[in-house]
There are 2 protein chains.
Amino acid sequence: MSRPTKLHPDRGDARTRLLTAAVDLIRARGFAATSVDDLCRAAGVTKGAFFHHFASKEALGVAAAWHWAETTTAFFAAAPYHAPPDPLHRVLAYVAFRRAIVSDDITESSCLVGTMVQEVHASAPAIRDACAASIFGHAATLEADIGAAMDDRGIVADWTAASLARQTQAVVQGALVLAKAGDDPALARDSLDHLDRYIRLLFSVAAPVPGGAGESGVRPEALATGLPA
Amino acid sequence: MSRPTKLHPDRGDARTRLLTAAVDLIRARGFAATSVDDLCRAAGVTKGAFFHHFASKEALGVAAAWHWAETTTAFFAAAPYHAPPDPLHRVLAYVAFRRAIVSDDITESSCLVGTMVQEVHASAPAIRDACAASIFGHAATLEADIGAAMDDRGIVADWTAASLARQTQAVVQGALVLAKAGDDPALARDSLDHLDRYIRLLFSVAAPVPGGAGESGVRPEALATGLPA
DNA sequence: CCTCATACCGACCATACGGTATGTTTTCCG
DNA sequence: CGGAAAACATACCGTATGGTCGGTATGAGG
């Protein structure tokens with residue numbers, strides 16, 4: 001039962017507008033530094049509407065984390081890295097995709113739940129758990145492909161598919177921290193290159209030769225973005 | 001020209017007390033969620049003293065980042081991972097040391113500058129730069145050992161010592177994010193195990209066999225903490 | 001001992017904050 | 001068409017916030 005607002009009838013209902021505003025502002029400034037008034041202003045909504053949809057600022061934080069989980073799930077489900085028939089190639093294509101979507105403005109490529117959870121992990125358990133669900137839920141989507149790749153190649157190791165899936169997320173999060181600190185997205189890309197190298201070493205697959213004429217290695221990054229080069 | 005305070009003369013001067021309080025509180029709650037009053041209360045200092053030493057809350061943030069850089073530099077310089085004669089063993093011992101100092105209370109093992117920089121990277125460039133100096137300065141202390149290890153083993157690669165040094169920090173930061181999200185320090189230890197595995201694969205050194213009777217692999221983690229087992 | 005800069009104290013201020021109370025408008029449904 | 005419920009708007013409240021200001025205590029140098 002949503003309804004266009006009186007002030008900005010063209011921008012959809014107030015709730016989703018508040019959530020998208022929350023994603024943008026919190027990623028840029030953090031949760032605590034983003035005030036309810038800021039959110040209302042950005043969403044073109046009054047304070048009354050805010051507290052009609054969310055019982056508190058913390059409730060907005062929880063909802064924003066869930067909203068983030070939903071939108072990113074849809075985004076990655078539609079991404080082209082699922083195309084290769086070989087599961088290992090899909091995993092490598094995932095890493096290449098993550099690398100490709102690191103934009104020049106780090107805030108844009110930043111992760112809402114990764115930013116929030118560091119701030120609130122001790123003070124707001126509800127938000128923390130919602131962030132955890134987003135991060136580990138996304139990691140879980142990689143687990144099947146990693147596991148299948150292990151089976152395909154008969155790999156028995158002291159690490160599990162779930163553990164490596166989590167490690168991809170750890171590297172992504174750490175890459176963003178360094179990129180923000182150094183104010184340079186290349187730092188994040190560098191980290192993801194190391195992740196790519198690690199996975200290739202685990203599975204003993206060669207990296208592509210950059211200037212090579214022939215095909216000497218696996219190149220799942222070719223379909224990283226799904227866009228024509 | 002420091003001086004014991006009237007209220008708590010036994011706890012050193014107000015400035016350092018404020019800085020240590022800042023490290024504790026900001027790591028737990030984040031920068032924005034930590035008020036000046038909170039800091040003064042924790043440090044046992046009045047507001048007047050605060051703004052005598054720091055022109056603004058932002059200035060405190062910058063000073064806290066520098067303070068963090070100094071204390072961690074001293075801490076890691078005194079750590080036992082520098083002992084092995086082989087530079088690669090020193091690098092592996094560093095990773096083992098980082099793993100060993102992950103305590104059960106994640107907040108204690110958390111990184112001040114990693115937490116702060118995510119919050120303020122866009123809104124407070126001065127704090128961001130101070131955090132960057134701490135992170136990349138620490139990474140730089142690993143560069144010589146990594147470079148020497150590469151030379152020793154005649155490794156020519158598409159990655160540099162500086163890049164791998166930064167990657168260790170990316171993994172550490174990401175490990176902390178996941179540990180906070182999952183409220184489980186084991187997640188951080190898991191990430192550092194992956195980092196250990198990555199470095200061993202890069203340098204083609206075997207991992208130790210956990211239950212093995214003989215010594216079949218390199219075990220720099222034996223001196224991880226420098227404490228008797 | 002006197003002086004002076006500095007360290008520290010404690011009361012105060014303007015404002016921005018999260019949250020509430022109440023009113024108005026739209027939509028659904030019988 | 002009527003009415004109830006939900007969506008949104010507006011004015012307001014108590015408090016916590018970053019920051020200021022005048023004052024006092026302490027140590028160093030002469």
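Reminder, nothing fancy here: chain letters follow the sequence lines and each chain counts from 1.
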Taking the side chain of B:His52 as heavy atoms from C-beta outward, which of C:dC17, D:dA9, C:dC8 is closest to it?
C:dC8
4.5 Å side-chain heavy-atom contact, A:Arg98 and A:Tyr81:
no
Residue pairs, two or more places apart or on separate chains, that pass side-chain hydrogen bond (donor to acceptor under 3.5 Å, both in side chains) and touch residues 176-196 of chain A
A:Arg99-A:Asp193, A:Asp104-A:Arg189, A:Ser110-A:Lys180, A:Thr115-A:Lys180, A:Lys180-B:Gln118, A:Asp190-B:Ser163, A:Asp190-B:Arg166, A:Ser191-B:Gln167, A:His194-A:Arg197, A:His194-B:Ser163, A:His194-B:Tyr198, A:Asp196-A:Arg200
Could you tell me the separation between the CG atom of A:Leu39 and the C1' atom of C:dG19, rounded to a whole number of Å?
14 Å
Residue B:Lys47, side-chain heavy atoms: nucleotide from D:dA9, D:dG19, D:dT17 that is nearest:
D:dG19
Heavy atoms from C-beta onward define the side chain here; which of C:dC9, C:dC17, D:dG18 lies closest to that of B:Ser35?
D:dG18
Can you tell me how far C1' of C:dG19 sits from CG of A:Leu60, to the nearest Å?
14 Å
Out of D:dG18, C:dC9, D:dC8, which nucleotide sits closest to the side chain of B:Val36?
D:dG18
Rounded to whole angstrom units, what separation is found between the CD atom of A:Glu58 and the C1' atom of C:dG18?
13 Å
Would you mind telling me which of C:dC8, C:dG18, D:dT17 lies closest to the side-chain atoms of B:Asp37?
D:dT17
Show me the side-chain donor-acceptor pairs of residues 124-134 of chain A shorter than 3.5 Å, one per line, residues at least two apart or across chains.
| from | atom 1 | to | atom 2 | distance (Å) |
| --- | --- | --- | --- | --- |
| A:Arg128 | NE | A:His121 | O | 2.9 |

Length of the CG-P vector between A:Asp13 and D:dA6, whole Å
16 Å
Between D:dG18, D:dA9, C:dG19, spot the one nearest the side chain of A:Val45, thanks.
D:dA9
